J.: 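Submitted below is the structure of interest, expressed as structure tokens.
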Amino acid sequence: MAQFWKPGTEKPRLVDDEEGGVLFFSASASSSSSSRFGYASIEKQRQRLPVYKYRTAILYLVENHATTIIVGETGSGKTTQIPQYLKEAGWAEGGRVIACTQPRRLAVQAVSARVAEEMGVTLGEEVGYTIRFEDLTNSGTTMIKFLTDGVLLREMMDDPLLTKYSVVMVDEAHERSISTDILLGLLKKIQRRRPDLRLIISSATIEAKSMSAFFQTSKRRRALEGEELGPRMDPAILSVEGRGFHVQIHFVEEPVQDYVQAAVSTVLLIHDQEPMGDILVFLTGQDDIDAAIHLLNEEAQTNRKHSSGLILLPLYSGLPRAEQELVFSPTPRGKRKVVISTNIAETSLTLEGIVYLVDSGFSKQKFYNPISDIENLVVAPISKASARQRAGRAGRVRPGKCYRLYTEEYFSKEMSAEGIPEMQRSNLVSCVIQLKALGIDNILGFDWPASPSPEAMIRALEILYSLGILDDDAKLTSPAGFQVAEIPLEPMISKMILSSNELGCSEEILTIAAVLSVQSIWVYGRGVHRELDEAKLRFAAAEGDHVTFLNVYKGFLQSGKSSQWCHKNHVNYHAMKKVVEIREQLRRIAQRLGIVVKSCERDMQVVRKAVTAGFFANACRLEAFSHSGMYKTVRGSHEVYIHPSSVLFRVNPKWVVYHSLVSTDRQYMRNVISIDPSWLIEAAPHFYQHHGQNSFGK
DNA sequence: GAGCACTGC
């Protein structure tokens, strides 16, 4: 056991040649372990950040290149400093604005607050931010604006050339979210019309080359532009080192059979043999995490000396807020904290004090099959980029150790360098409608950083056509198409809202739309399934989950939005507050679109019709003679089941539509409502035209 | 009979 590990090293930093006119600054390899001193002035602190050494170089490159790619490791200070350098160099003069996008709302808020503090200004004035539902900027005074990439996309609908921005910095571009990829594609287009616009793409090492290739304009274009004044069109690449400490990498010598068991053994091994310091374990989901904690607890009972002093903390998004926050509490003296986490700890939140890292090499990832139109969540191997990111989590406070539960040979020979961009793993309905709203007609010919499959594109176009959002020429219909594009929700939900106007149930449908937009309004946790089921029964509606949501919402309002009421009923208080907030936003949007907000009172049939009008593509029929509750999708005859969390579980109405599928050993429909099949033909004659009368018989 | 993570006027 003691010789389980074979030390290895991380792949060295990519230091590349200068082919194709790409300028490359290599960072010095110094292990920057300079410590921060307590009372240094903000200015001194800023100068100590690794990125400070590159201030002049960055400003030079931005001045002279249309696109600059910054390869920066965590802790380099690039996100907070570069926008300030740009402002100091005059890029915000004359009413122009410097934009910096982030993939996450929380990051936008945190970073903008930090920058405002460093500049000694009030947040919302010179430095501001915009996220969905929150605009803390002041047009006229805001010079540096942080925003989510999705918000910047929305801004393009009003101002396609982003004329008020002088520089757009796309941060964390290596995460390759759908909105980042759309944004990169559009920014490249804008550059041709606006030579004055500068782009900064911040990316992890491993992605820098493909980013550079993407922004490289063709030789012919460059020859044409060569004579003109203006920035060079070829991208520059600059590498900035981070502030992380060295992390020693260990691989297993033989492949492991069971990564949960291996993770547990490794935690015990570290606890046995290594000095104090907290451990972070990456597993794939709640199941794995609960199993690992169970095994470690068992160990604690049978072999006390092995595991005494371990504090076991699960971490995943579905965990109630209070339990999530335990991972941030300081470790008591003489104890060792073991955080067992999903990918949430890889990007979304940062744990301080982690010294040991156990990497299973797997995560749950979404995949999309355009033929069946089904998105699956499956356990899949992570990429080298992810492995590297995970390892880095162990070196934030002092040198750390990373234990990888896969072999070095597997890492170097089989693990893919980078993950598959989300664009190539998703249903593209939302993406297509956004591009259409931005006036991009030739979607199949769009210049993407990573092209989605034509099948997925065609499937999205087909569904949008059936929803009446696109016409025969694949243009947005008026008014429905333009209205759906305005609503910041999944197009199927937006369509449901539009239909509710005609059906006279918009009050109810707005509530349902808001509930479907939050993760879950229920509190679920280990060992409380039965209590949750009982609580649900108090609200359960025979029609299905959507109508059940209406009952919960009504109860919540009647309780005076009480957190105690939520606790008593296993309802997630934070989720319900968000529902109220989103619903209010949707109500305003609906009114702006001319929707009359009206209640259908007790008539749930119209509510079900409105849901069907949006979700007809997800219609399923119970298999006759099936006692196992097996359904088949009307479109593709795929085998699906009602999720056990649904109020219709075991009720099994003959016809249902679902909101989403989750797949484990089976495909489970989540959020299900019973319908009458005749509504399907009413809602989408084209979609179901090839089905004869018989297939809809009762 | 049971849920990776984000996000949008």
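Quantities reported herein were computed from a predicted structural model and do not represent experimental measurements. Throughout, a chain's letter reflects where its sequence line sits, starting with A, and its residues are numbered from 1.
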J.: What is the nucleic acid contact for Gln585(A), judged by heavy atoms within less than 4.0 Å: base, sugar-phosphate only, or nothing?
T.: base
J.: Rounded to whole angstrom units, what separation is found between the CD1 atom of Ile131(A) and the C1' atom of dT7(B)?
T.: 11 Å
J.: Side chain of Pro644(A) only, heavy atoms from C-beta on: which candidate in dG1(B), dG3(B), dC9(B) is closest?
T.: dG1(B)
J.: What's the closest nucleotide to the Arg104(A) side chain, out of dG1(B), dT7(B), dC9(B)?
T.: dT7(B)
J.: Would you mind reading off the distance between Leu183(A) atom CG and dT7(B) atom C1', rounded to a whole angstrom?
T.: 13 Å
J.: Base, sugar-phosphate, or nothing for Asn671(A), non-hydrogen atoms under 4.0 angstrom?
T.: nothing
J.: Rounded off to whole Å, could you give me the CZ-to-P distance for the Arg583(A) and dC9(B) pair?
T.: 20 Å
J.: Search all heavy atoms of Leu428(A) against all heavy atoms of Pro452(A) and return the closest pair with its distance.
T.: CD1-CB, 3.5 Å
J.: Which whole-number value in Å describes the distance from Lys366(A) NZ to dG3(B) C1'?
T.: 15 Å
J.: Is there a side-chain contact between Thr148(A) and the phosphate of dG8(B), meaning an N or O under 4.0 Å from OP1 or OP2?
T.: yes
J.: Check every strand shown and say whether Asp158(A) touches a base, only sugar-phosphate, or nothing at a heavy-atom separation below 4.0 Å.
T.: nothing
J.: Indicate whether OP1 or OP2 belonging to dA2(B) is found under 4.0 Å from a side-chain N or O atom of Arg666(A).
T.: no
J.: Can you check the Leu537(A) CG to dG1(B) P distance for me, whole Å?
T.: 17 Å
J.: Under a 3.5 Å threshold, yes or no: a donor from one side chain and an acceptor from the other, between Tyr165(A) and Glu155(A)?
T.: yes
J.: Output a table of donor-acceptor pairs, distance under 3.5 Å, between side-chain atoms of residues 479-493 of chain A and any protein atom two or more places apart or on a different chain; print 'none' if there are none.
T.:
from	atom 1	to	atom 2	distance (Å)
Gln483(A)	NE2	Leu593(A)	O	3.2
Glu486(A)	OE1	Arg592(A)	NH2	2.8
Glu490(A)	OE2	His659(A)	NE2	3.2

J.: Please pick, from dG1(B), dA5(B), dC9(B), the nucleotide with the shortest atom-to-atom distance to any side-chain atom of Tyr316(A).
T.: dA5(B)
J.: Can you find a side-chain donor-acceptor pair between Gln365(A) and Ser363(A) that sits under 3.5 Å?
T.: yes
J.: Pick base, sugar-phosphate or nothing for Ile344(A), based on heavy-atom distances below 4.0 Å to the nucleic acid.
T.: sugar-phosphate
J.: Base, sugar-phosphate, or nothing for Arg105(A), non-hydrogen atoms under 4.0 angstrom?
T.: sugar-phosphate
J.: So if I take every side-chain heavy atom of Phe649(A) and compare against dG3(B), dC4(B), dG1(B), which nucleotide ends up nearest?
T.: dG1(B)
J.: Check salt bridge (charged side-chain N to carboxylate O under 4.0 Å, His left out) between Arg583(A) and all other residues, then give those that pass, not counting sequence neighbours.
T.: Glu507(A)
J.: For Thr130(A) and Ser317(A), take the nucleotide of DNA chain B holding the closest heavy atom to each; which residue's nucleotide lies nearer the 5' end?
T.: Ser317(A)
J.: Any base atoms under 4.0 Å from Val151(A), or only sugar-phosphate, or nothing? Heavy atoms, all strands.
T.: sugar-phosphate
J.: Starting at atom CD of Glu490(A), determine the distance to atom P of dC6(B), rounded to an integer number of angstrom.
T.: 16 Å
J.: Does Thr342(A) place a side-chain N or O at less than 4.0 Å from the phosphate oxygens OP1/OP2 of dA5(B)?
T.: yes
J.: Picking from dA5(B), dG8(B), dA2(B), which would you name as closest to the side chain of Tyr668(A)?
T.: dA2(B)
J.: If you find the nucleotide of DNA chain B closest to Arg592(A) and the one closest to Gly285(A), which residue's nucleotide is nearer the 5' end?
T.: Gly285(A)
J.: Check each of Tyr403(A), Tyr406(A), Phe362(A) against Tyr259(A) using the ring pair (Phe, Tyr, Trp, His ring centres under 6.0 Å) test, and report the only one that passes.
T.: Phe362(A)
J.: For Gln109(A) and dT7(B), what is the distance between atoms CD and C1' respectively, to the nearest whole Å?
T.: 13 Å
J.: Once you round it to whole Å, what is the distance between P of dC4(B) and CD of Gln286(A)?
T.: 6 Å
J.: Name the closest nucleotide to the Asp533(A) side chain, picking from dC4(B), dC6(B), dA2(B).
T.: dA2(B)
